[in-house]
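Please read the structure below before turning to the comments.
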Amino acid sequence: MYIDQHNGVDMGVDLKDIIPGEAKTVIEDLRILHGKIIVIDGYNALYQFLAAIRQPDGTPLMDNNGRITSHLSGLFYRTINIVEAGIKPVYVFDGKPPELKAREIERRKAVKEEAAKKYEEAVQSGDLELARRYAMMSAKLTEEMVRDAKSLLDAMGIPWVQAPAEGEAQAAYIVKKGDAYASASQDYDSLLFGSPKLVRNLTISGRRKLPRKNEYVEVKPELIELDKLLVQLGITLENLIDIGILLGTDYNPDGFEGIGPKKALQLVKAYGGIEKIPKPILKSPIEVDVIAIKKYFLQPQVTDNYRIEWHTPDPDAVKRILVDEHDFSIDRVSTALERYVKAFKENIRGEQKGLSKWFSKPK
DNA sequence: CCGTCTCA
DNA sequence: TGAGACGGG
């Protein structure tokens, strides 16, 4: 497994400032996506849960053996809400990261180790808020956590796809093929991989605390449509990839000196491609093979070896994982499972309560 | 993050 | 009925 490639906080390419309003739709009610298959970036979701589900001092939820369970709690309850909204979820998990990412993975590892040290210091000094921040930054997803998450999804009857490399690339491929309606992630990378539709803020809920402030803002899911984005900016997908590379991607995280969203768009439009921009204009802190990066976004490693099928939930198997293995409360899990099984029948199996009576044979 | 409880 | 506090594992 290749766990260290994410840091869970801010990763990937930051396209937020170049996405035109016309390409975005705020999803006021999740039920707008009723009946739609959504491919969720599993690592991205698990990291969000791992970072967010903590006590004020940064301690995550743990079972009686001291094993972290925040990711399972988040995955369980959030998946139930998604199914209750009528969405058909499928998760995709990262495989082996491409060689291009090696440097970034090393960098993230160093950042995490530093954050872990700072966390210890903050705990010692009794600064709870600081401790929580560093705990979130140092959150690490282990192989065991990912295995547990996959087992839980199996027990819930939710399909997951093992990507050969980048999960975002595989998600984009599945949407492009028409096997799903949209990809879901906090990151914009799947757009560069050509996903026609991206849903952000699906695995986080309505209210989010502003960092370092005692205020909350409403966070609503939003749909970003690639074709509208390209038309509005008057560019091609290749141009968008170029813009991403200029701003910085996982494969060249520092981007290029002095180039922000506006300049990136202007340069790409003016020259027609990153490789045609005069070298003196492009100053990078490190040597970057822009052609290789571009090629990777256009032809990432993906697979057709997946099946998107929902299976009847197995409540006993869910209880074995959550209650027996990880000390969740039997009452809470049972209540949630009842809701889930009902929603699954109605929304994924398409069975309606009392429908049989309409179709029953007249006597 | 989530569900649950309290209280206006 | 809904915002806010709280505990979950």
Side-chain angles (χ1 to χ4, degrees), chain A residues 6-11 27-30 38 40-85 87 89 91 128-129 131-142 144-149 151-153 155-156 158 184-187 199-211 213-221 315 318-344:
Chain A
H6 284 248
N7 70 20
V9 186
D10 283 304
M11 318 175 287
I27 298 170
E28 294 291 340
D29 189 324
L30 267 192
I38 309 280
I40 302 171
D41 180 344
Y43 274 40
N44 188 266
L46 293 183
Y47 257 115
Q48 282 186 336
F49 301 140
L50 205 53
I53 305 177
R54 285 168 188 270
Q55 290 169 324
D57 69 349
T59 312
L61 299 186
M62 286 183 289
D63 65 22
N64 293 341
N65 290 314
R67 292 176 299 190
I68 293 173
T69 54
S70 297
H71 60 303
L72 294 177
S73 179
L75 183 66
F76 181 57
Y77 292 111
R78 193 62 197 160
T79 300
I80 294 175
N81 286 339
I82 285 169
V83 169
E84 274 189 327
I87 295 169
Y91 287 82
L128 290 191
E129 215 173 304
R132 190 173 207 277
R133 263 213 333 277
Y134 283 123
M136 287 171 74
M137 283 174 66
S138 63
K140 272 181 107 170
L141 200 56
T142 65
E144 190 184 19
M145 291 178 190
V146 176
R147 265 203 312 275
D148 278 352
S151 302
L152 179 61
L153 290 173
M156 294 176 79
I158 301 294
S185 176
Q186 286 313 94
D187 300 340
V199 178
R200 298 188 69 243
N201 303 338
L202 182 70
T203 52
I204 55 166
S205 78
R207 285 161 63 81
R208 181 194 264 176
K209 194 175 180 297
L210 251 38
K213 289 187 195 160
N214 227 350
E215 292 170 50
Y216 288 84
V217 279
E218 275 274 355
V219 183
K220 286 177 180 163
V318 172
K319 285 177 194 165
R320 277 199 295 278
I321 296 167
L322 295 182
V323 180
D324 300 348
E325 297 266 325
H326 293 295
D327 308 306
F328 279 57
S329 140
I330 177 86
D331 288 345
R332 285 179 181 229
V333 170
S334 299
T335 311
L337 276 172
E338 272 178 48
R339 269 172 59 207
Y340 177 59
V341 169
K342 183 171 177 282
F344 188 96

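Just so it is clear: chains get the letters A, B, ... in the order the sequence lines come, proteins before strands, and each one is counted from 1.
- The listed nucleotides are B:dC2, C:dG9, B:dT4; the one nearest the side chain of A:T59 is C:dG9.
- The distance between atom CD1 of A:I68 and atom C1' of B:dC1, rounded to the nearest whole Å, is 15 Å.
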Next item on the list: Decide yes or no on side-chain contact (heavy atoms from CB on, under 4.5 Å) for A:M156 and A:V83, but give the supporting numbers first.
Entry: CA-CA 11 Å; A:M156 294 176 79; A:V83 169; over 6 Å; no
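- Whole-Å rounding puts the A:F76 CZ to C:dG9 C1' distance at 14 Å.
- Here the P atom of nucleotide C:dG9 and the CG atom of A:L75 are 16 Å apart, to the nearest Å.
- For the pair A:R67 CZ and C:dG9 C1', the interatomic distance rounds to 11 Å; values are reported in whole Å.
- Counting any heavy atom pair closer than 4.0 Å across all strands shown, A:S73 reaches a base atom.
- Within the 4.0 Å cut-off from OP1 or OP2 of C:dG8, not a single side-chain nitrogen or oxygen of A:R332 is found.
- Side-chain atoms of A:A52 lie closest to B:dC1 of the nucleotides C:dG9, B:dC1, B:dT4.
- A:F328 places its CZ atom 13 Å from the P atom of B:dG3, with the value rounded to the nearest Å.
- With hydrogens and angles left out, the side-chain atoms of A:S329 and A:D331 include no donor and acceptor closer than 3.5 Å.
- As rounded to whole Å, 14 Å separates atom C1' of B:dC1 from atom CD1 of A:I40.
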Checklist line | A:D63 and A:R67: CA distance, side-chain angles, deciding distance, salt bridge (Lys or Arg N to Asp or Glu O under 4.0 Å) verdict | finding: CA-CA 5 Å; A:D63 65 22; A:R67 292 176 299 190; 2.9 Å; yes
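- Heavy atoms of A:N81 sit under 4.0 angstrom from primed sugar atoms or phosphate atoms, though from no base atom.
- A:S329 comes within 4.0 angstrom of sugar-phosphate atoms only, judged by non-hydrogen atoms across all strands, and of no base.
- Here the nucleotide nearest the side chain of A:R339, chosen from B:dT4, B:dG3, B:dC1, is B:dG3.
- For the pair A:L322 CG and C:dG8 C1', the computed distance is 12 Å after rounding to whole Å.
- In the set B:dT4, C:dG9, B:dG3, C:dG9 carries the atom at the smallest distance from any side-chain atom of A:D63.
- Of all nucleotides listed (C:dG9, C:dG8, B:dG3), C:dG9 comes nearest to the side chain of A:Q55.
- Rounded to whole angstrom, the span from the CZ atom of A:R78 across to the C1' atom of B:dG3 amounts to 13 Å.
- With a 4.5 Å cut-off on side-chain heavy atoms, A:F49 and A:L72 do not count as touching.
- The only option from A:T79, A:I82, A:L75, A:I158 that meets the side-chain contact (heavy atoms from CB on, under 4.5 Å) definition with A:I40 turns out to be A:I82.
- Between A:R54 and C:dG8 there is no side-chain polar atom (N or O) within less than 4.0 angstrom of OP1 or OP2.
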